[in-house]
Amino acid sequence: MGKTFGGHAIKKVNNHRISKDICHKIKINKNSILFKILNKEEIMVNSLHSFAISNTSLDISAYSSDGIIEAVESKNRKFFLGVQWHPELLDYEYSKKIFNYFINCL
């Protein structure tokens, strides 16, 4: 059972403590803001987390292949996107697109 954090349940995960040099694939929901930004159904991301969201009222934008929620968003805000990976550590075009989209929303 997960703990509650800000109205959202979190759970301990052991298999997502991966170095920045090793990435895994996530699947992106086609109806999400994340898909609008990246125009991709799947991308590779790095994971350095020990906890993950297990239940939320936010829109889920991406999952890993093992069912871990990798991104959440809210379409009710100008820009609200939370990702479970570290785009600031990746020199990928996808990271740049996320940051550029955020900057253009300001």
Side-chain angles (χ1 to χ4, degrees):
M1 192 72 171
K3 294 183 179 183
T4 301
F5 177 75
H8 309 286
I10 59 172
K11 63 182 175 182
K12 178 94 168 128
V13 291
N14 297 321
N15 58 338
H16 275 250
R17 194 135 184 96
I18 302 171
S19 79
K20 70 177 184 178
D21 297 324
I22 302 173
C23 297
H24 67 91
K25 189 182 300 185
I26 63 165
K27 294 185 183 256
I28 300 170
N29 179 342
K30 283 186 177 181
N31 297 320
S32 68
I33 295 166
L34 186 59
F35 182 84
K36 177 182 173 183
I37 295 168
L38 303 178
N39 197 30
K40 290 282 187 182
E41 290 183 55
E42 294 183 345
I43 63 168
M44 299 296 284
V45 300
N46 60 338
S47 287
L48 301 168
H49 56 90
S50 299
F51 292 90
I53 297 170
S54 61
N55 187 20
T56 183
S57 58
L58 295 168
D59 298 320
I60 299 170
S61 9
Y63 282 98
S64 61
S65 61
D66 58 355
I68 299 293
I69 297 171
E70 293 284 347
V72 294
E73 61 188 48
S74 174
K75 294 179 177 86
N76 299 328
R77 307 269 177 125
K78 188 172 183 179
F79 183 84
F80 185 109
L81 176 66
V83 298
Q84 190 67 30
W85 67 93
H86 291 270
E88 76 280 6
L89 298 177
L90 296 172
D91 188 25
Y92 289 165
E93 72 175 280
Y94 307 124
S95 296
K96 292 173 185 164
K97 285 182 177 183
I98 292 170
F99 290 123
N100 286 336
Y101 190 89
F102 169 67
I103 291 166
N104 289 327
C105 283
L106 297 177

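A chain of hydrophobic side-chain contacts below 4.5 Å, direct or via other Ile, Leu, Val, Met, Phe, Trp or Tyr residues, connects Phe79 to Phe35. In terms of hydrophobic clustering, with Ile, Leu, Val, Met, Phe, Trp and Tyr side chains grouped at heavy-atom distances under 4.5 Å, Ile53 and Phe80 are assigned to a common cluster.
Residues satisfying the side chain to side chain contact (heavy atoms under 4.5 Å, CB included) criterion with Lys97, sequence neighbours excluded, are Ile37, Leu38, Glu93. Every residue meeting the side chain to side chain donor-acceptor pair (under 3.5 Å) condition with Asp91, not counting sequence neighbours, appears here in chain and number order: Lys96. Partners of Lys75 by salt bridge (charged side-chain N to carboxylate O under 4.0 Å, His left out), not counting sequence neighbours, listed by chain and number: Asp59, Glu73. Shown here are the salt bridge (charged side-chain N to carboxylate O under 4.0 Å, His left out) partners of Glu42, two or more places apart in sequence or in another chain: Lys25, Lys27. Tyr63 is linked by a side chain to side chain contact (heavy atoms under 4.5 Å, CB included) to Ile60, Ile69, counting only residues two or more places apart in sequence or in another chain.
Judged as a salt bridge (charged side-chain N to carboxylate O under 4.0 Å, His left out), not a single pair has a partner in residues 79-89 (not counting sequence neighbours).
At most 12 heavy atoms of other shown residues, nucleotides or ligands fall within 6.0 angstrom of atom CZ in Phe102.
Of all non-hydrogen atoms in Pro87 and Ser95, the two that sit nearest each other are O-OG, 3.1 Å.
In this structure, Gln84 contributes its side chain and Phe51 its backbone to a donor-acceptor pair below 3.5 Å. For the pair Lys78 (side chain) and Cys105 (backbone), a donor-acceptor distance under 3.5 Å is present.
Distance check, rounded to the nearest 0.5 Å: CG of Leu90 to CD1 of Ile98 gives 9.5 Å.
Using a 4.5 Å cut-off on side-chain heavy atoms (C-beta onward), Ile68 and Ile26 make no contact. Side-chain contact between Tyr101 and Ile33 is present, with at least one heavy-atom pair separated by less than 4.5 Å. Asn46 places a side-chain heavy atom less than 4.5 Å from the side chain of Cys23. Counting heavy atoms from C-beta on, the side chains of Trp85 and His24 never come closer than 4.5 Å.
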